[in-house]
Peer 1: 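Please find one structure pasted underneath; my questions will follow.
Remember, it's a predicted structure, so these values are computed and weren't measured experimentally. Basis for what follows: all heavy atoms, side chains included, without hydrogens, waters or symmetry-related copies.
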Amino acid sequence: MIRRFALSVLLAAGMQAAAPAAPGPWSAEQAVAQAKGPSGLPLPRFVSLKSSRINVRRGPGQDYDVAFTFVRAGLPVEIVQEFDNWRKVRDAEGDEGWIFHSLLSGRRTAMVAPWEQEGRFAVRAAAGADARVVAYVEPQVMADVESCTGTWCRIRGENYAGWIEQDRLWGVYPSEVFRN
């Protein structure tokens, strides 16, 4: 009983010492993202596809069957697990499978509101709801993500560039802040 109590106290003290002094501006998803995979990179994390035809396998290796094939370069995917040189990814529809690491890019891309069937979303000249509209994009449009403030992301597409509300994008985490 005393050993169990002492162990509990030691664990609690260790956990307290390992905790940051003050919470950062991160969401729960970003706190989870601080877990590191075998590659030393955070898990989960968003990346994009390097080429336009990538087989997604049922397991981490070429001996596993192809579950499906991605046919769009630049598509954002979320790495949720790593095994050796293989990455388990999830797409915007929730489908998962394994891809060889060299077929993935660290380039950040996003898909506009893939959960919507119709509508259009304003891309603005500056980060803010009152900023001038420079373009409208429809659901499932892909864009490069240049930066995110935690509430707005600067995106660039074929014929437009500007800011969109961060919660309209799949390919960035809520409240995530970064600059490429």
Peer 1: Can you give me the closest heavy-atom contact between Leu49 and Arg72, atom names plus distance?
Peer 2: CD1-O, 3.7 Å
Peer 1: Measuring from Phe178:CZ to Glu146:CD, what's the distance to the nearest 0.5 Å?
Peer 2: 10.0 Å
Peer 1: Considering non-hydrogen atoms only, spot the tightest contact between Ala126 and Ala131 and give its length.
Peer 2: O-CB, 3.4 Å
Peer 1: Are any side-chain N or O atoms of Glu78 and backbone N or O atoms of Pro44, one a donor and one an acceptor, separated by less than 3.5 Å?
Peer 2: no
Peer 1: Should we say atom CZ of Phe121 is surrounded by more than 12 heavy atoms from elsewhere, each under 6.0 Å from it?
Peer 2: yes
Peer 1: Any non-hydrogen side-chain atom of Leu104 less than 4.5 Å from a side-chain atom of Val89?
Peer 2: yes
Peer 1: With distance as the sole test, does Arg124 use its side chain to make a donor-acceptor pair with the main-chain N or O of Asp130 at under 3.5 Å?
Peer 2: no
Peer 1: Using the rule given for side chain to side chain contact (heavy atoms under 4.5 Å, CB included), can you reason through Cys153 versus Arg108, listing the C-alpha separation, both sets of side-chain angles and the distance that settles it, and then say yes or no?
Peer 2: CA-CA 11 Å; Cys153 291; Arg108 294 297 295 269; over 6 Å; no
Peer 1: Do NZ/NE/NH1/NH2 and the carboxylate oxygens of Arg45 and Glu82 come within less than 4.0 Å?
Peer 2: yes
Peer 1: Roughly how far, to the nearest 0.5 Å, is CG of Asp84 from OG of Ser39?
Peer 2: 11.5 Å
Peer 1: How close do Met142 and Ala73 get, heavy atom to heavy atom, and via which atoms?
Peer 2: CE-O, 3.6 Å
Peer 1: Quick one, Gln81 with Glu96, criterion side chain to side chain contact (heavy atoms under 4.5 Å, CB included). Give me CA distance, side-chain angles, the key distance, then yes/no.
Peer 2: CA-CA 10 Å; Gln81 189 177 348; Glu96 293 184 349; over 6 Å; no
Peer 1: Could you measure the distance from the CG atom of Asp144 to the CZ atom of Arg154? Nearest 0.5 Å is fine.
Peer 2: 11.5 Å
Peer 1: Using the rule that Ile, Leu, Val, Met, Phe, Trp and Tyr join whenever any side-chain heavy atoms are under 4.5 Å apart, tell me whether Val172 and Val137 fall into a single cluster.
Peer 2: yes
Peer 1: Test of understanding: clusters of I, L, V, M, F, W, Y form through side-chain heavy atoms closer than 4.5 Å, transitively. Do Trp152 and Val177 belong to the same one?
Peer 2: no
Peer 1: Can you see whether Tyr136 has Arg120 sitting over its ring - NZ or CZ less than 6.0 Å from the centre and within 45° of the normal?
Peer 2: yes
Peer 1: Minimum heavy-atom separation for Gly74 to Ser48, with atom names?
Peer 2: O-CB, 3.6 Å
Peer 1: Just verifying a value: how many Å separate Phe46 CZ and Arg107 CZ, rounded to the nearest 0.5 Å?
Peer 2: 15.0 Å
Peer 1: Grab the two heavy atoms, one from Trp170 and one from Pro114, that are nearest each other, plus how far apart they are.
Peer 2: CB-CG, 3.6 Å
Peer 1: Looking at every non-hydrogen atom in both residues, tell me the closest pair between Pro139 and Gly119 and how far apart they are.
Peer 2: CD-O, 3.2 Å
Peer 1: Asp91 and Val56: side chain to side chain contact (heavy atoms under 4.5 Å, CB included), yes or no, with the steps?
Peer 2: CA-CA 11 Å; Asp91 68 11; Val56 181; over 6 Å; no
Peer 1: Between Val141 and Tyr160, is there a side-chain heavy-atom distance shorter than 4.5 Å?
Peer 2: yes
Peer 1: Give the cluster check for Met111 versus Ile164: same hydrophobic cluster or not, with ILVMFWY residues linked at side-chain heavy-atom distances below 4.5 Å.
Peer 2: no
Peer 1: Honestly curious: do Ile155 and Tyr173 fall in one hydrophobic cluster under the side-chain, below-4.5 Å linking rule?
Peer 2: no
Peer 1: Which of parallel (below 30°), tilted (30 to 60°) and perpendicular (above 60°) describes Trp86 and Phe100?
Peer 2: perpendicular
Peer 1: To the nearest 0.5 Å, what is the distance between CD1 on Ile99 and CD1 on Ile79?
Peer 2: 8.5 Å
Peer 1: Please check if any side-chain donor atom of Thr69 sits under 3.5 Å from a side-chain acceptor atom of Asn55, or the reverse.
Peer 2: yes
Peer 1: Drop me the distance from Glu165's CD to Thr151's OG1, to the nearest 0.5 angstrom.
Peer 2: 9.0 Å
Peer 1: Would you say Glu116 has more than 12 foreign heavy atoms packed within less than 6.0 Å of its CD?
Peer 2: yes
Peer 1: Decide side chain to side chain contact (heavy atoms under 4.5 Å, CB included) for Val77 and Val47; before the verdict, give the C-alpha distance in whole Å, the side-chain angles of both, and the deciding distance to 0.1 Å.
Peer 2: CA-CA 6 Å; Val77 293; Val47 296; 3.7 Å; yes
Peer 1: Taking Leu103 as the starting point, is it possible to reach Leu43 by hopping between hydrophobic residues whose side chains are less than 4.5 Å apart?
Peer 2: yes
Peer 1: So do Val133 and Val123 actually touch side chain to side chain, heavy atoms under 4.5 Å?
Peer 2: no
